[in-house]
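Structure record follows, encoded as structure tokens.
The structure displayed is predicted, hence computed values, not measured ones. Here is how names work: the chains are called A, B, and so on, in the same order as the sequence lines, proteins then strands, and each is numbered from 1.
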Number of protein chains: 2
Amino acid sequence: MGTPGNKIGPETRSRILDAAEALFVEHGLDATSMRMITARAEVNLAAVNYHFGSKDKLIHEVFRRRLAELNRMRLAALDEMEARARAEERPLKPSQVLEAFFRPALEMATDTRHGGHTFMRLLGRTYTEPNSFVRRFLAEEYAETLDRFLAALYGALPGVSRTEILWRFHFMMGATSYAIAGTDALRLFTGEFDDDAPERLMPRLMSFLLGGLRAPLPEWKETEE
Amino acid sequence: MGTPGNKIGPETRSRILDAAEALFVEHGLDATSMRMITARAEVNLAAVNYHFGSKDKLIHEVFRRRLAELNRMRLAALDEMEARARAEERPLKPSQVLEAFFRPALEMATDTRHGGHTFMRLLGRTYTEPNSFVRRFLAEEYAETLDRFLAALYGALPGVSRTEILWRFHFMMGATSYAIAGTDALRLFTGEFDDDAPERLMPRLMSFLLGGLRAPLPEWKETEE
DNA sequence: GTCTATAGGAGGATAGAC
DNA sequence: GTCTATCCTCCTATAGAC
């Protein structure tokens, strides 16, 4: 306000983060330039390097901020489910594990009151992106959460091999990623498309995921070969 | 060889396509420069603009070439399934529709003898990519195929609403995309991981997809609200 | 038809003024 | 701590030589 030059404020840093996040969602990481970011945040071009050191470190921080919150919610939900199961002296159900993992993601994605509701679209496509730098720290941020959830699934599905569960978890992440990226992509491919109320997405996705997770195991033609 | 200057040949054009495809898979569309492409193809920098007009048109042609073949195989498979169903005077089964759509994609992705086995990784992540130019022509290339398959699914699942089928189809595309991008991403997130024989991927994915597609429909809490 | 050379602009990063 | 000015690299595209 009274300060000379461009808009300054105690929240310069978070303005950059928000602007970068929005632009990454809209254009992708590579296609978003520092100039676009600083223009949108209404800060100087040099501010990114001053506050974050480099574009790569800014990217890292954009992801770290949201992932920390998302995984904290997921682990809290899993803790609660496990506590409830222990209290009732019965094992954890697969559907509870899925709820704890995917509901926070979908809520973050569909609740527009939440700051990061567009971030989930970015996250979903980043798993399969080739950028090795991003994938590496994504794996680090996820390590603990994924360990906990895979262990919970192993326990909830005693008859199923770990390899199979790993694959099915991976498939579920893919379906969820598309569910979140969802509406626009779907509309693009099929003109029609009226019903996309976000509150319907969760039951829709959950019933699909559960159906896939509990599907009969494929049989190997072991005899051949 | 005897020609002056750089390597020339009757297949300059396809050498550029192959080099571009490989680099797009590895680094992404934006991160791949014309210099990288022409260096790998061992042709001159100007060759891309000469043969294709621009980088965007080259991208388009990389996708068009493989998608045309993929969708031709898919439609042929669907034709065959429908002919068989007609001959036996019974309706088409959902599993047959899925087979016809997803098996050609997985075969293209896992059969290394096939030229485009890496292309499918690129395709899977492109649906959700923000680049509007690519998404637009992807929708065009897919229009006919998607119409045929959605119609077939509507017929095979008479009790299920079109909206629901559309969503589930979308979820299945997501799961398949991750299945194809698959192995490296999975390995990255979980150290362990031995069993990734590609011939096991198809039954694995199909049983998951079928389970999801035939899952009980979600109930709306219509009474509330 | 294919290559060489270069134009013209955008990218990330930084040195030094204030 | 923030801004201005600028460096150098890399991009796509093209004009003109051969």
Side-chain angles (χ1 to χ4, degrees), chain A residues 1-63 129-134 137, chain B residues 1-63 129-134 137:
Chain A
M1 314 283 182
T3 46
N6 231 327
K7 292 192 186 169
I8 324 170
E11 75 296 350
T12 296
R13 202 186 130 92
S14 59
R15 285 239 307 283
I16 293 175
L17 281 174
D18 292 339
E21 183 179 89
L23 288 165
F24 290 156
V25 172
E26 197 173 344
H27 304 281
L29 300 182
D30 281 352
T32 299
S33 70
M34 309 262 280
R35 286 171 170 79
M36 291 161 73
I37 295 168
T38 51
R40 179 170 179 139
E42 295 183 283
V43 299
N44 190 271
L45 174 58
V48 168
N49 278 287
Y50 176 73
H51 284 286
F52 299 94
S54 69
K55 187 184 174 183
D56 276 357
K57 286 181 185 158
L58 168 62
I59 293 175
H60 191 153
E61 183 56 23
V62 166
F63 279 86
E129 232 166 51
N131 186 331
S132 59
F133 156 71
V134 180
F137 72 65
Chain B
M1 314 282 185
T3 44
N6 233 325
K7 291 192 187 171
I8 324 169
E11 76 295 350
T12 295
R13 202 186 129 93
S14 59
R15 284 239 306 283
I16 293 175
L17 281 174
D18 291 338
E21 183 178 87
L23 288 165
F24 290 156
V25 172
E26 197 174 344
H27 304 281
L29 301 182
D30 280 353
T32 300
S33 72
M34 308 261 277
R35 283 175 170 75
M36 290 162 73
I37 296 168
T38 50
R40 179 171 180 137
E42 295 183 281
V43 299
N44 191 272
L45 173 58
V48 168
N49 278 286
Y50 176 71
H51 283 284
F52 298 94
S54 71
K55 187 186 175 182
D56 277 357
K57 285 180 186 158
L58 168 62
I59 294 174
H60 191 152
E61 182 56 22
V62 165
F63 278 87
E129 231 166 50
N131 185 332
S132 58
F133 157 70
V134 180
F137 72 65

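- For the OP1/OP2 pair of D:dG1 and a distance below 4.0 Å, the side-chain nitrogens and oxygens of A:His51 include no atom meeting the criterion.
- When the P atom of C:dT2 is taken as reference, atom CD of B:Glu11 falls 11 Å away, rounded to whole Å.
- B:Ile37 has its CD1 atom 10 Å from the P atom of D:dC11, to the nearest Å.
- Counting heavy atoms from C-beta on, the side chains of A:Ile37 and A:Thr32 come closer than 4.5 Å.
- The closest side-chain heavy-atom distance from B:Arg40 to B:Asp18 is not below 4.5 Å.
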* Asked: Can you give one letter per nucleotide of nucleotides 12-18 of chain C, going 5' to 3': B for a protein heavy atom under 4.0 Å from the base, S for sugar-phosphate only, - for none?
  -> BBB----
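- One can place CG of B:Asn44 at 13 Å from C1' of D:dA13, the figure rounded to the nearest angstrom.
- Rounded to whole angstrom, the span from the CG atom of B:Leu58 across to the P atom of D:dA13 amounts to 10 Å.
- Counting to the nearest Å, the C1' atom of D:dG1 and the CZ atom of A:Phe52 are 15 Å from each other.
- Side-chain contact between B:His60 and B:Phe52 is absent, with no heavy-atom pair separated by less than 4.5 Å.
- Atoms CD (A:Glu42) and C1' (D:dT2) sit 16 Å apart, rounded to a whole Å.
- To the nearest angstrom, C1' of C:dG1 lies 13 Å from CD1 of B:Ile16.
- Atom P of nucleotide C:dG1 and atom CZ of B:Arg13 are separated by 14 Å, given to the nearest angstrom.
- For A:Phe133, the ring-ring contact (aromatic ring centres under 6.0 Å, His included) criterion is met by A:Phe137, not counting sequence neighbours.
- Using a 4.5 Å heavy-atom threshold, the side chains of A:Asp56 and A:Val134 count as separate.
- A pairwise comparison of heavy atoms in A:Leu29 and A:Lys55 identifies O-NZ, 3.2 Å as the closest pair.
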